[in-house]
Amino acid sequence: MNRQFKTDGLILRKSNLNDADQILTVLTRDRGKISCIAKGCRRLKSRFCGRLEILYEVRLAGFEGRELAHLDEVELLDARSLLDCGLTAK
């Protein structure tokens with residue numbers, strides 16, 4: 001059984017889990033809405049540094065766990081800011 005995946009998606013939400021980890025909600029075309037855990041992404045020298053922001057279009061690679069997918073790689077495809085989308089932060 002192959003649990004590895006590679007897909008493109010749009011980051012909708014992120015929440016802090018503990019000191020260094022985050023849980024991401026990503027909207028993908030082929031898998032729908034998935035929740036992923038990015039271990040160590042809040043560290044200064046993380047391999048995910050600067051690639052996991054809301055409304056960023058990314059290419060994800062990882063594997064499926066019991067409840068959450070675990071991310072191994074993230075490649076930035078398109079970076080949109082809240083101002084580009086016409087949304088304002090409150």
Side-chain angles (χ1 to χ4, degrees):
M1 182 166 101
N2 190 6
R3 298 180 350 179
Q4 294 182 348
F5 67 91
K6 192 171 208 178
T7 184
D8 295 346
L10 184 70
I11 299 176
L12 299 177
R13 180 178 174 207
K14 62 182 187 172
S15 59
N16 297 336
L17 184 60
N18 55 22
D19 289 340
D21 304 340
Q22 280 187 337
I23 296 177
L24 304 171
T25 302
V26 182
L27 182 65
T28 64
R29 286 193 175 118
D30 55 343
R31 297 176 155 299
K33 187 170 78 168
I34 61 172
S35 294
C36 306
I37 185 167
K39 292 276 196 177
C41 72
R42 295 174 53 201
R43 292 187 185 128
L44 290 177
K45 295 187 178 185
S46 168
R47 62 181 178 252
F48 303 124
C49 189
R51 297 183 182 127
L52 298 177
E53 294 296 328
I54 296 176
L55 297 180
Y56 277 12
E57 189 175 348
V58 292
R59 177 167 292 139
L60 306 171
F63 63 96
E64 294 198 23
R66 290 184 182 168
E67 296 178 10
L68 299 172
H70 296 261
L71 294 182
D72 289 332
E73 294 179 28
V74 175
E75 179 185 345
L76 183 63
L77 299 177
D78 187 21
R80 299 181 185 130
S81 70
L82 290 175
L83 298 176
D84 292 342
C85 296
L87 303 175
T88 57
K90 293 182 181 181

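We're numbering straight along the sequence, starting at 1.
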Discussion item. What's the separation between atom CZ in R43 and atom CZ in F48, rounded to the nearest 0.5 Å?
Written reply: 11.0 Å
Worksheet entry | Donor-acceptor pair, side chain of S35 and main chain of L68, under 3.5 angstrom | no
Practice prompt. Please tell me if the side chains of K14 and E53 come closer than 4.5 Å, counting only heavy atoms from C-beta onward.
Written response: yes
Item to complete: Could you tell me whether the side chain of V26 reaches within less than 4.5 Å of the side chain of T7, counting heavy atoms only?
Response: no
Worksheet item: To the nearest 0.5 Å, how far apart are OG1 in T28 and CD1 in I34?
Response: 5.0 Å
Discussion item. Looking at N16 and Q22, would you say the former's side chain and the latter's main chain have a donor-acceptor pair under 3.5 Å?
Written reply: no
Worksheet entry | Gap separating the CG atom of D21 from the NE2 atom of H70, nearest 0.5 angstrom | 10.0 Å
Discussion item. Grouping I, L, V, M, F, W and Y whenever their side-chain heavy atoms are under 4.5 Å apart, do Y56 and I37 come out in a common cluster?
Written reply: no
Worksheet entry | Enclosure of D78 CG (heavy-atom neighbours >12, cutoff 6.0 Å) | yes
Item to complete: Look only at the side chain of R51 and the backbone of L76, and say whether a donor-acceptor pair between them is shorter than 3.5 Å.
Response: no
Response to the item:
For C41 and S46 the tightest heavy-atom approach is CA-OG, 3.4 Å
Response to the item:
Residues F63 and D72: closest non-hydrogen pair is CD2-OD2, 4.0 Å
Worksheet item: CD/E57 to CG/L27 distance, rounded to the nearest 0.5 angstrom?
Response: 10.5 Å
Worksheet item: If you take all heavy atoms of F5 and E64, which pair is closest and at what distance?
Response: CD2-CG, 4.0 Å
Worksheet item: Do the non-hydrogen side-chain atoms of T25 and K33 ever get within less than 4.5 Å of each other?
Response: yes
Worksheet item: Looking at NZ of K39 and CG of L71, how far apart are the two atoms once the value is rounded to the nearest 0.5 Å?
Response: 11.5 Å
Worksheet item: Can you check whether V74's main-chain N or O pairs, donor with acceptor, with R47's side chain at less than 3.5 Å?
Response: no
Discussion item. So for atom CZ, which belongs to R31, do other residues, nucleotides or ligands contribute more than 12 heavy atoms lying within a distance under 6.0 Å?
Written reply: yes
Worksheet entry | Intermediate values then yes/no, side chain to side chain contact (heavy atoms under 4.5 Å, CB included), L24 and L60 | CA-CA 11 Å; L24 304 171; L60 306 171; 5.8 Å; no
Worksheet item: In Å, rounded to the nearest 0.5 Å, how long is the span from CG of L52 to SG of C36?
Response: 9.5 Å
